[in-house]
Undergrad: 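This is the structure I want to talk about, given as C-alpha cells.
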Amino acid sequence: MAADTSVDILQKVLENEILQTAKVVEEHLDAEMQKMDQMDEDELERLKQRRLEALKKAQQQKQEWLSKGHGEYREIPSERDFFQEVKESKNVVCHFYRDTTFRCQIMDRHLTVLAKKHIETKFVKLNAEKSPFLCERLRIKVLPTLALVKDGKTQDYVVGFTDLGNTDDFTTETLEWRLGCADVINYSGNLMDPPFQSQKKFGTSFTKLDKKTVRGKKYDSDSDDD
C-alpha cells in the first residue's frame, strides 16, 4: 500500500513538472507572438531584410570556404603548400602522418567525417617523412600529431590519442570535442563534459599540450604497432 502511495506521489510530481515546463514554453511563445503583433509593417520588413542579409552573408562565406578547400579532408603535397594553406584560412587542422602507422589511418577516418561537418575549418594531412623542416620546426616527434592552426599560427597540438581517451576506439565526437577545446572549430557541445568521461574504461582527463610536451629524437608511433 505504501509503495502504491509513493508511486502516486511521484507521478503527481512529474505531472506538475511537465505542466510547469509547458506553461513556461507557452508564456514564451505568447510573448513572442505579442511582440510580432505589435510590430508595424515597416519593422517587419526590416526584420525580414536583416534575416535575408544574414542568410546571404552565410552563403557567401560558405562558398568562400569551399573555394579554399574546406569541406573535404585532403592531402597537401609539400611543406611549401602547408604555408599557403594556413595563410588563406583562419582555422586549419593539419594531420602529420606516416603511411605505415596504423593509428594515422584511424585518425584519417575521423577527420574525413569532421571535415564535412565543420566546413568553417580546413582539414588537411601532410606526410611527416616528407616534411623534415616542418616537423623539426614544430617539434613533431609522435605520430599521429594534429597541428591546430589559427590565424596562421600553430596554437595547439593533439599528440597521439592521449587526449582522446587513450584508446584506439575513441569516437569522432571525442575528437570533435578536443578540437572544440582548441577553438579551431565551432563546437556546439559542452566543453566541460568530454564524451569519453562517461565511459569509465577510458579513465583519463584532458590536459592541454604545448610544444614542450613533445619530445624525442625520431618519429615514433603512439602505438606499439606501426
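Bear in mind the structure is a predicted one, so any value in this text is a computation, not a measurement. All residue numbers refer to positions in the sequence shown, counting from 1.
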Undergrad: Would a 4.5 Å heavy-atom cut-off, applied to side chains only, mark E136 and K141 as touching?
TA: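 E136 reaches K141 side chain to side chain.
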Undergrad: Measuring from L111:CG to L175:CG, what's the distance to the nearest 0.5 Å?
TA: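 It is 5.5 Å, given to the nearest 0.5 Å.
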Undergrad: Between E79 and L134 (side chain of the first, backbone of the second, donor and acceptor by atom type, cut-off under 3.5 Å), is there such a pair?
TA: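 At least one qualifying donor-acceptor pair exists.
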Undergrad: Could you list the residues that satisfy salt bridge (Lys or Arg N to Asp or Glu O under 4.0 Å) with D108, not counting sequence neighbours?
TA: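 Per chain and number, D108 pairs via salt bridge (Lys or Arg N to Asp or Glu O under 4.0 Å) with K125.
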Undergrad: Working to the nearest 0.5 angstrom, can you tell me the gap between S78 OG and F83 CZ?
TA: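 The CZ atom of F83 is 10.0 Å from OG of S78, to the nearest 0.5 Å.
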Undergrad: Can you confirm whether S131 sits close enough to F82 that some side-chain heavy atom of one is under 4.5 Å from a side-chain heavy atom of the other?
TA: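 The answer is no; the side chains never approach within 4.5 Å.
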Undergrad: Can a donor-acceptor pair be found between the side chains of T121 and H70 at a distance below 3.5 Å?
TA: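 No - no donor-acceptor pair under 3.5 Å links their side chains.
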Undergrad: Nearest 0.5 angstrom please: N190 CG to W177 CH2, how far?
TA: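 Rounded to the nearest 0.5 Å, the CG-CH2 separation comes out at 10.5 Å.
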Undergrad: I'd like to check Q59 versus Q61 (side-chain heavy atoms, cut-off strictly below 4.5 Å). Are they in contact?
TA: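 In short, these two side chains do not touch, never coming nearer than 4.5 Å.
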Undergrad: Can you confirm whether C135 sits close enough to F96 that some side-chain heavy atom of one is under 4.5 Å from a side-chain heavy atom of the other?
TA: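 Side-chain contact under 4.5 Å: yes.
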Undergrad: Return the minimal non-hydrogen interatomic distance between K150 and A182, and the atom names on each side.
TA: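 So the two residues come closest at CD-O, 3.8 Å.
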Undergrad: Measure across V142 and G160 and return the closest heavy-atom pair with its distance rounded to 0.1 Å.
TA: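 The pair with the smallest heavy-atom distance is CG1-N, 4.3 Å.
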Undergrad: Is any side-chain heavy atom of L179 closer than 4.5 Å to a side-chain heavy atom of F123?
TA: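 Answer yes - side chains close enough.
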Undergrad: Going by the rule side chain to side chain donor-acceptor pair (under 3.5 Å), which residues pair with Q49 if we only count those two or more places apart in sequence or in a different chain?
TA: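 If we apply the side chain to side chain donor-acceptor pair (under 3.5 Å) test to Q49, skipping adjacent residues, the hits are E45.
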Undergrad: I want to check something: taking the side chain as every heavy atom from C-beta on, are F161 and I106 in contact at a cut-off of under 4.5 Å?
TA: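 They are in contact (side-chain heavy atoms under 4.5 Å apart), so the answer is yes.
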Undergrad: Transitive ILVMFWY cluster of I119 at side-chain heavy atoms under 4.5 Å: who else is in it?
TA: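 Under the 4.5 Å side-chain rule, I119 groups with W65, L66.
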Undergrad: Can you list everything that forms a salt bridge (Lys or Arg N to Asp or Glu O under 4.0 Å) with E64? Sequence neighbours excluded, please.
TA: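 Listed in chain order: K68.
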Undergrad: Test of understanding: with ring-ring contact (aromatic ring centres under 6.0 Å, His included), list the residues that count as partners of H110, not counting sequence neighbours.
TA: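 In terms of ring-ring contact (aromatic ring centres under 6.0 Å, His included), with neighbours along the sequence ignored, H110 is linked to F170.
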Undergrad: Within the 4.5 Å heavy-atom criterion, are D156 and T154 side-chain neighbours or not?
TA: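 No, too far: nothing below the 4.5 Å cut-off.
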Undergrad: Identify, with sequence neighbours excluded, every residue that meets side-chain contact (heavy atoms from CB on, under 4.5 Å) alongside R50.
TA: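 By the side-chain contact (heavy atoms from CB on, under 4.5 Å) rule, R50 matches R46, L47.
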Undergrad: Evaluate the side-chain proximity of E75 to N127: yes if any heavy-atom separation is below 4.5 Å, no if none is.
TA: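 With C-beta onward as the side chain, the pair touches.
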Undergrad: Going by side-chain heavy atoms closer than 4.5 Å, which hydrophobic residues are tied to L55, directly or by a chain of links?
TA: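 Besides L55, the hydrophobic cluster comprises nothing; the residue is isolated.
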Undergrad: Can you name the salt bridge (Lys or Arg N to Asp or Glu O under 4.0 Å) partners of K117, sequence neighbours left out?
TA: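 Result, salt bridge (Lys or Arg N to Asp or Glu O under 4.0 Å) vs K117: E176.
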Undergrad: Report the hydrophobic cluster partners of Y97, with the cluster defined as I, L, V, M, F, W, Y residues connected by side-chain heavy atoms closer than 4.5 angstrom, directly or transitively.
TA: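 Members alongside Y97: none; it stands by itself.
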Undergrad: List in chain and number order the residues that pass side chain to side chain donor-acceptor pair (under 3.5 Å) with K90, two or more places apart in sequence or in another chain; answer none if no residue qualifies.
TA: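 Listed in chain order: D151.
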Undergrad: Please name the residue in the list N91, V158, V92, I185 that meets the side chain to side chain contact (heavy atoms under 4.5 Å, CB included) test with L148.
TA: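 So the option named by the test is V158.
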Undergrad: May I ask you to say whether E173 pairs ionically with R178, meaning some side-chain N is under 4.0 Å from a carboxylate O?
TA: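 So E173 does not pair with R178 through a salt bridge.
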Undergrad: Mind telling me whether Y73 and H95 have parallel, tilted or perpendicular rings, with 30° and 60° as the class edges?
TA: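 Aromatic pair H95/Y73 classed parallel.
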Undergrad: Working to the nearest 0.5 angstrom, can you tell me the gap between C94 SG and I140 CD1?
TA: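 These two atoms lie 7.5 Å from each other.
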Undergrad: Restricting to side chain to side chain donor-acceptor pair (under 3.5 Å), what partner residues turn up for Q105, sequence neighbours left out?
TA: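 So Q105 forms no side chain to side chain donor-acceptor pair (under 3.5 Å) with any residue.
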Undergrad: Ignoring hydrogens and angles, tell me if any N or O in the side chain of T101 forms a donor-acceptor pair with the backbone of C104 under 3.5 Å.
TA: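 No, the answer is negative, given that no donor and acceptor are paired below the 3.5 Å cut-off.
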Undergrad: Which atoms form the tightest heavy-atom contact between M107 and P144, and what is the distance?
TA: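 Shortest heavy-atom contact: CE-CG, 4.2 Å.
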Undergrad: Only counting residues at least two apart or in another chain, list the ones meeting salt bridge (Lys or Arg N to Asp or Glu O under 4.0 Å) with R74.
TA: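 Applying salt bridge (Lys or Arg N to Asp or Glu O under 4.0 Å) to R74 gives E85.
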Undergrad: For the residue pair L126 and P77, what are the closest heavy atoms and their distance?
TA: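 That would be CD1-C, 4.5 Å.
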Undergrad: According to a 4.5 Å side-chain heavy-atom criterion applied to Ile, Leu, Val, Met, Phe, Trp and Tyr, with indirect links allowed, do V93 and L114 form part of one hydrophobic cluster?
TA: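 Cluster IDs for V93 and L114 match.
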Undergrad: Any link between V124 and V113 through a network of hydrophobic side chains (Ile, Leu, Val, Met, Phe, Trp, Tyr) touching at under 4.5 Å?
TA: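 No; V113 is not reachable from V124 via cluster members.
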Undergrad: What closest approach, in Å, do D168 and R103 show between heavy atoms, and which atom pair accounts for it?
TA: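 Scanning both residues, the minimum pair turns out to be OD1-NE, 2.5 Å.
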